[in-house]
Amino acid sequence: MANKDSTDPVRMEKIVSLCKRRGLIFQAGELYGGLNGCWDYGPLGAELKRNLKDYWWRKTVQERDDVLGMDGAILTMEQVLVASGHVGGFSDPMVDCKTCKGRFRADTLEASQCKEKPSVCPGQSPKCELTEPRAFNLMLQTNFGATGDQIAYLRPETAQSIFCQYKNVLDSNRVKLPFGIAQCGKSFRNEINPRNFTFRSREFEQMEIEYFCHPDDGMRLTDEWLEERLKFYGEIGIPREKLHILDVPDGERAFYSKKTYDIEYEFPFGIQELEGVAYRTDYDLGVHEKGSGKSLVYFDEDTKERFLPHVVEPSAGCDRTVLALICEAFDEETLTDEKGKEDVRTVLRFVPRMAPVKVGIFPLLKKNEAQVGIARDIQKQLQPWMNVFYDDGGAVGRRYRRQDEIGTPFCITVDFDTLGENGDALKGTVTVRHRDSMEQERLPVDALLPWLLERVR
Ligand code: GAP
């Protein structure tokens, strides 16, 4: 198991370069020099991220009776974030270096963050002069309304709209405790030092669940949600042995939290947080009750008890999980041919349900109209169900490699046997090539859809 300090910058560089080369992730505003801390997902990155969000939604909302979904506004009223404590206290300690003019988070000072003197600054050179740390609020503010005199904030987490709509969801859906509200969407933080590719960004997506419960159940449910979330990571291809659970000690948790687990992953730049599972007690509903002056008390019809529900919050980063999926999937395999010549195959070993493209479809020969016709028919048959890619350019081996590099788990080739040109035995069948083992098998065209659906969902 890796320790906290073990890193692999070379691997990370290769991953960042593959992401750009194959259209997974680009720097936002790159054409104009780049917008620090913001990222655009290209065609394949958008598919990957969508697969993650869809699977999270399916597992969290659609396949559970006790969790409902919502989709809240990004622009958030000042009063909401005053009540939640964000306006007053959502800050990181910041220091400036008077020598290099760099600006750093005081709690994560690292020499490499200094652009001017990477090896000596901050804090390590006699010339280096750091200011005292001061609180830097991470929220992004905007003005709106006809005269632009109203203040709103781009939400720093999706959670607050869930707390503010808790009563509306409860009253309009006739649910009983315990129940959760889940939301996936954009959040914004003016991070002092965005870094490690998409890991710490200024614009990012979260996948959050606020699970409302009786105060007696909070601790137990926190442990249960931790297990549930670990299971989820396994299902999307992040093995348990690469995840670390940090039981955040007293004194390091938010003051209102009775228990917090950080789920961390072994990124190539170190072991870092993917998700927090926090028992937030009745803090959130309490502050909004006070801030709004409206009761958020729950009445239990069975026990006739009235109380403010407690909250357990599994809060995951979508972009961080996408990055973990890519880091986990990236592999370089050395292959040796019959003549002993070595070659490196780059493969993204995504589990099929996360892969941006599920199937590559090829006619063996581009000029063979019958092969092209069947390949196009297969494409049409599969397209309503999954993302497929038709490719007729170059040798079939090269086409396989191009799909390996973007993580396509299966490739289908229509060849002479499909047409019955070598006898009837294999007529109507195609070659299915497996990305990981590179093994091939023949399947009837009619069997492809159910065979694939079983493997890619
Ligand atoms: N509602 C609780 C909350 O927002 P958090 O630990 O600040 O808690 C939850 O954020 C998750 O959101 C983190 O575990 C991380 O995955 C993701 N996240 C937070 N800040 C991020 C950033 N600047 N860039 C990318 N992801 C971020």
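Aromatic ring pairs are classed by plane angle as parallel below 30°, tilted from 30° to 60° and perpendicular above 60°; the pair Tyr265 and Phe267 is perpendicular.
For Asp284 and Tyr256, the side-chain atoms include no donor-acceptor pair closer than 3.5 Å. Gln160 and Thr76 share no donor-acceptor pair across their side chains, judged by distance under 3.5 Å alone.
The number of heavy atoms from other shown groups lying within 6.0 Å of CZ (Arg457) does not exceed 12. Heavy-atom neighbours of Asp247 CG from other residues, nucleotides or ligands within 6.0 Å: above the threshold of 12. Surrounding CD of Glu63 are more than 12 heavy atoms belonging to other residues, nucleotides or ligands, all under 6.0 Å away. For Arg50, the CZ atom is loosely surrounded, since the number of other residues' heavy atoms within 6.0 Å does not exceed 12. A 6.0 Å sphere centred on OH of Tyr32 holds no more than 12 heavy atoms belonging to other residues, nucleotides or ligands.
Taking the six-membered ring for Trp and the full ring otherwise, the centers of Tyr261 and Trp225 sit at least 6.0 Å from each other. Note: Phe188 and Tyr153 fail the aromatic proximity criterion, with ring centroids not under 6.0 Å apart. Taking the six-membered ring for Trp, Phe255 and Tyr283 have ring centres closer than 6.0 Å.
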_Quick one, Asp391 with Arg398, criterion salt bridge (Lys or Arg N to Asp or Glu O under 4.0 Å). Give me CA distance, side-chain angles, the key distance, then yes/no._
CA-CA 11 Å; Asp391 188 5; Arg398 280 174 173 268; over 6 Å; no

*asked:* Working note: Phe410 + His434, criterion ring-ring contact (aromatic ring centres under 6.0 Å, His included); need CA distance, chi angles, decisive distance, verdict.
replied: CA-CA 5 Å; Phe410 307 108; His434 295 248; 5.5 Å; yes

*So Gln183 and Ser161, side-chain hydrogen bond (donor to acceptor under 3.5 Å, both in side chains) or not? Walk me through it.*
CA-CA 9 Å; Gln183 174 165 213; Ser161 56; 3.0 Å; yes

*Checking salt bridge (Lys or Arg N to Asp or Glu O under 4.0 Å) for the pair Arg253/Asp250: CA distance, chi angles, key distance, verdict?*
CA-CA 6 Å; Arg253 294 191 299 272; Asp250 292 345; 2.6 Å; yes

*So Phe269 and Phe197, ring-ring contact (aromatic ring centres under 6.0 Å, His included) or not? Walk me through it.*
CA-CA 10 Å; Phe269 44 83; Phe197 199 22; 9.2 Å; no

*List the steps and the verdict of salt bridge (Lys or Arg N to Asp or Glu O under 4.0 Å) for Lys176 and Asp300.*
CA-CA 8 Å; Lys176 285 183 172 178; Asp300 188 322; over 6 Å; no

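Interatomic distance, CH2 of Trp56 versus OG1 of Thr321, reported as 11.0 Å (0.5 Å rounding). Atoms CZ and CG, on Phe212 and Leu221 in that order, are 13.0 Å from each other to the nearest 0.5 Å. Taking CD from Gln141 and CD1 from Ile151, the interatomic distance works out to 4.5 Å, rounded to the nearest 0.5 Å.
A donor-acceptor pair under 3.5 Å is formed between the side chain of Thr131 and the backbone N or O of Asp96. The backbone N or O of Glu205 lies less than 3.5 Å from a partner atom in the side chain of Asp319, making a donor-acceptor pair.
The cationic atom of Arg58 (NZ for Lys, CZ for Arg) does not lie both less than 6.0 Å from the six-membered ring centre of Tyr55 and within 45° of the ring axis. At least one test fails for Arg195 against the ring of Phe199: distance under 6.0 Å to the centre or angle within 45° of the axis. Arg376 forms a cation-pi arrangement with Tyr390, by the criterion of a distance under 6.0 Å to the ring centre and an angle within 45° of the ring axis.
Within the 4.5 Å cutoff, the side chain of Leu140 has no heavy atoms near those of the Thr142 side chain. The closest side-chain heavy-atom distance from Ser201 to Glu191 is not below 4.5 Å. Counting heavy atoms from C-beta on, the side chains of Leu81 and Glu78 never come closer than 4.5 Å.
The side-chain hydrogen bond (donor to acceptor under 3.5 Å, both in side chains) test with Asp404 is passed by exactly one of Arg345, Arg399, Arg349: Arg345.
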